[in-house]
Number of protein chains: 2
Amino acid sequence: MYTYVGFAATDQRKTAPLGHRAAEILLETLESEIVSGALPPGAPLSELALAERFGVSRTPVREALLELERAGLAERGARRAFFVRALGAEELADLFEASGEVESALAALAAHRMTEIERQALIALAEAPAASAADYSDLNRRFHDAIKSGARNATLAQLLGGLDLRTSAWRAANFHEAEERQTTSRAEHLKIATAIAQADAERTRSLMRRHVAQSHSVLAEILARRGR
Amino acid sequence: MYTYVGFAATDQRKTAPLGHRAAEILLETLESEIVSGALPPGAPLSELALAERFGVSRTPVREALLELERAGLAERGARRAFFVRALGAEELADLFEASGEVESALAALAAHRMTEIERQALIALAEAPAASAADYSDLNRRFHDAIKSGARNATLAQLLGGLDLRTSAWRAANFHEAEERQTTSRAEHLKIATAIAQADAERTRSLMRRHVAQSHSVLAEILARRGR
DNA sequence: TCCATTCGACATGTATACATATGTAGGATT
DNA sequence: AATCCTACATATGTATACATGTCGAATGGA
């Protein structure tokens, strides 16, 4: 029998995290499978089936599924069963609109708060040539990450991270950004970087909002074509 | 080897019907205790201790704690143990800044999207007299809810809801809004409602941002005084 | 006295057994 | 033939047993 003695409320031990936990591996694996489209929207995420597939018990599976729900990649359906979250066109629009607002807020803050070195690095990122689609994707990510960290607001950055995770499933599963979009996108990046370099917060905000909206338009059009 | 001896004589298990699940009751109880301050920031949330306290096993406790973490009310510390989340002044500032950005984005959208009836209702809310502090608190909530729903963006509304949950712990635990703040706040509400009624999105955004920042200033000052 | 080592208590991580609810198939009833 | 009822398969909800790691106190030696 357990006899609970308890810790003082001031207990502040800091210890290295335990090794590779099953729940953590599951989470990463499922996340990548959902984002890559291997697990399509609407696919059932049965505790038992996943436990058998990964050779673990249901307990870590439960934890991973709860985390997935938290990330917005899974949702509960009938009988509280988990499914890969399926977004309709409207929810997708909401999601991109939210991303646009949050990221433009971050960009506006970054315009005030970035150091001179960060501003120059951002412009360099915007100007860097992309040899391939993978290159471009990487540059794109680094550009947006630079703005996220330049804003000096962990809470907003975290919000945007969560939203990006939810949109990435659609971005990755449905298309590689078209060549022409890359060109346009690069031009937008450069405008944004310039506005930030000039510490013009409101222009930055407006440019970034339009930039995200453009991404949404392109994706929505592709989805609509596929839907036909 | 594993030897299962059956249930103790005192076994009075009853698997809860959906909707009255142990994990759900735990979540609501803990949430209210944290927000009310009964469980202060930094307090340990031990699985075993909570399981014994509520007379359930660790499994539903785990689920409730994961949900609390999701809501930002708990965090994992040493050895992955859960604690009531403690925010420093900096994180609090981040939080309010994020709230300001998100809510001002919602307000700007509402300025474009609210129906005429909603606009009038909002002005009525802003003008309504508050007989008591509780009244004012209720009016305040309804005012902000009206904007949230008028923006027609569930994703942004959900983000703001999560942020509000995290700040409410501090608001509730630390102070009742001072009389003078009520007066100022009401004036700000009226300005915002007017800007929305005029569909002036940018003015709305700016007013709302300032409004949230004001709330933060007042709270921060009170916290600083207590800290002295 | 002070420090290194050992060991015990207890934390979380995981596996598994049991409880209960629900969808479904198939037969009985009307 | 349509409907209802029941048994069953299987899902999630929960409890408990076991695994492993860490902290802190006790201990023993320099």
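- Taking for each of A/F82 and B/S57 the nucleotide of DNA chain D with the nearest heavy atom, the 5'-most of the two is the partner of A/F82.
- Going from atom CZ of B/F54 over to atom C1' of D/dA15 covers 18 Å, rounded to whole Å.
- A/S104 and A/R210 share no side-chain donor-acceptor pair at under 3.5 Å.
- The distance from atom CZ of B/R21 to atom C1' of C/dA19 is 15 Å, rounded to the nearest whole Å.
- With hydrogens and angles ignored, no donor-acceptor pair closer than 3.5 Å exists between the side chain of A/S46 and the base of D/dA11.
- Atom-to-atom, CG of B/L26 to C1' of D/dT14 comes out at 12 Å; the value is rounded to the nearest Å.
- Candidate nucleotides D/dG13, D/dC18, D/dG21 were compared by shortest atom distance to the side chain of B/R58, and D/dC18 ranks first.
- Closest of all the heavy-atom pairs between A/V84 and A/P41 is CG1-CA, 3.6 Å.
- Under the 4.0 Å criterion applied to side-chain N and carboxylate O atoms, B/E69 and A/R70 are assigned as salt-bridge partners.
- Note: CG (A/L48) to C1' (D/dT14) measures 16 Å, nearest angstrom.
- Taking the six-membered ring where the residue is Trp, A/H189 and A/Y136 present parallel rings, their angle staying beneath 30° rather than reaching 60°.
- Between B/E47 and A/P60, the one whose closest nucleotide on DNA chain C sits nearer the 5' end is B/E47.
- The distance from atom CD of A/E52 to atom C1' of C/dA15 is 14 Å, rounded to the nearest whole Å.
- In terms of phosphate contacts, B/R62 brings a side-chain nitrogen or oxygen within less than 4.0 Å of OP1 or OP2 of C/dG13.
- A donor-acceptor contact under 3.5 Å is not formed by the side chain of B/R80 with the base of D/dG21.
- Residue B/R76 places at least one side-chain N or O under 4.0 Å from the OP1 or OP2 atom of C/dG13.
- Taking atom CD of A/E63 as the reference point, atom P of D/dT12 lies 17 Å away to the nearest angstrom.
- Following rounding to the nearest Å, A/E24 (CD) and C/dT14 (P) show an atom-to-atom distance of 9 Å.
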Check the pair B/R80, A/E63 against salt bridge (Lys or Arg N to Asp or Glu O under 4.0 Å), reporting the backbone distance first and the verdict last.
CA-CA 13 Å; B/R80 299 182 56 74; A/E63 179 167 338; 3.5 Å; yes
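- Ranking D/dC23, D/dT14, C/dA15 by closeness to the A/V56 side chain, first place goes to C/dA15.
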